[in-house]
2 protein chains.
Amino acid sequence: MNNLYEKKAQIFKALSNPVRLEIIDFLTDGEKCVCEIVEKLNYEQPHISKSLIKLKEAGLIEDRKDGLNVYYSLKFCCMKEFFNCLNKMIK
Amino acid sequence: MNNLYEKKAQIFKALSNPVRLEIIDFLTDGEKCVCEIVEKLNYEQPHISKSLIKLKEAGLIEDRKDGLNVYYSLKFCCMKEFFNCLNKMIK
DNA sequence: AAACTATATGCCATTATTGGAATATAATAT
DNA sequence: ATATTATATTCCAATAATGGCATATAGTTT
């Protein structure tokens with residue numbers, strides 16, 4: 001199996017979960033620390049943490065440490081058009 | 001499928017598999033019948049069939065019957081830009 | 001140092017996905 | 001009607017994902 005298809009599949013897999021999509025959505029607003037994401041979404045902190053790590057491993061977000069906090073942000077600006085197309089699909 | 005994030009997640013889930021991505025790739029070339037897809041990819045016919053149904057259920061492809069054959073084709077032309085963005089992500 | 005806070009990791013039961021093998025269906029040809 | 005062909009469905013074992021709970025780590029404060 002072609003490597004490239006697997007890499008792409010990994011990205012889509014990272015996006016194939018409602019919680020992780022909600023995180024992405026929240027991050028379009030700018031970088032957020034884990035505690036803000038936990039507060040916004042209604043999930044346990046460990047689950048949010050694991051979700052963020054999965055998104056990071058797929059290369060979709062990046063993190064920045066500042067004291068006790070870890071701030072996550074979107075890594076690609078084209079993500080907006082990406083999701084615009086997606087929105088057309090679900091109409 | 002109650003909320004929007006779940007609907008989007010379903011689309012990404014359908015795309016989160018190398019075989020299904022290869023099918024999508026093959027279909028950008030134009031509509032293909034199941035047998036052509038089976039011949040092109042190296043998988044059992046039942047597996048290809050199930051993959052196609054999953055893509056169809058996600059609303060990404062559509063089918064057309066003609067005699068014994070079933071032809072599948074992409075449902076969205078914006079899929080090209082969608083994948084262009086994806087390609088930027090994996091560089 | 002100990003206490004506290006933000007985040008990450010490990011464990012676990014439940015549920016979903018994967019892909020092969022056998023079989024069923026549906027359209028066509030003889 | 002029977003045979004043939006293209007596609008779909010069912011069953012199954014192996015593997016992976018989900019999300020809660022308990023705990024660990026790492027930076028900060030006192």
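Computed from a predicted model, the values in this text were never measured in an experiment. Below, read A as the first sequence line, B as the second, and so on, with proteins coming before strands; counting in each chain starts at 1.
- The side-chain tip of B/Lys32 points at the ring of B/Phe26 from less than 6.0 angstrom away and within 45° of straight on.
- In this structure, the nucleotide among C/dT7, D/dG20, D/dT7 sitting nearest to the side chain of B/Cys33 is D/dT7.
- Rounded to an integer number of Å, the gap from CG of B/Asp63 to P of D/dA8 is 7 Å.
- Salt bridge status for B/Arg64 with B/Glu31: present, with a side-chain N to carboxylate O gap under 4.0 Å.
- When all heavy atoms of A/Val19 and A/Ser51 are compared, the closest pair comes out as CG1-OG, 4.2 Å.
- Distance, B/Ile48 CD1 to C/dG20 C1': 13 Å, rounded to whole Å.
- Considering only side-chain N and O atoms, B/Lys13 lies nowhere under 4.0 angstrom from the phosphate OP1 or OP2 of C/dA16.
- Side chain of A/Cys35, nearest nucleotide from D/dA6, C/dA6, C/dA8: C/dA6.
- The nearest whole Å value for the distance from the CG atom in A/Leu15 to the P atom in D/dA17 is 14 Å.
- At D/dG19, one or more side-chain N or O atoms of A/Asn17 fall inside 4.0 Å of OP1 or OP2 (strictly under the cut-off).
- At a cut-off of 3.5 angstrom, counting only N and O atoms as typed in the model, there is no donor on one side facing an acceptor on the other between the side-chain of B/Gln45 and the base of D/dA6.
- At least one test fails for B/Lys56 against the ring of B/Tyr72: distance under 6.0 Å to the centre or angle within 45° of the axis.
- Place A/Leu68 and A/Tyr43 on DNA chain D by their nearest nucleotides, and A/Tyr43 ends up nearer the 5' end.
- Atom NZ in A/Lys32 sits about 18 Å away from atom C1' in C/dT7, given to the nearest Å.
- Each of C/dT5, D/dA8, C/dG20 was ranked by its minimum atom distance to the side chain of B/Glu44; first place goes to C/dG20.
- Checking D/dG19, C/dT17, D/dA8 against the side-chain heavy atoms of B/Lys54 singles out C/dT17 as nearest.
- For the residue pair B/Tyr5/A/Asp25, the side-chain donor-acceptor check at 3.5 Å is satisfied.
- Side-chain N/O atoms of A/Lys50 and base N/O atoms of C/dT7 include no donor-acceptor pair closer than 3.5 Å.
- For the pair A/Leu52 CG and C/dA6 P, the interatomic distance rounds to 16 Å; values are reported in whole Å.
- The side chain of B/Asn69 contributes no N or O atom lying less than 4.0 Å from OP1 or OP2 of C/dA27.
- Mapping B/Pro46 and A/Lys65 onto DNA chain C via the closest heavy atom, the residue that lands nearer the 5' end is A/Lys65.
- A/Tyr72 has no side-chain polar atom (N or O) that falls below the 4.0 Å cut-off from OP1 or OP2 of C/dA6.
- As rounded to whole Å, 14 Å separates atom C1' of C/dT17 from atom CD of B/Gln10.
- Note on B/Ile53: only backbone sugar-phosphate atoms sit closer than 4.0 angstrom, heavy atoms only; bases stay farther off.
- Across C/dA6, D/dT9, C/dT18, the shortest atom-to-atom separation from the side chain of B/Arg20 is found for C/dT18.
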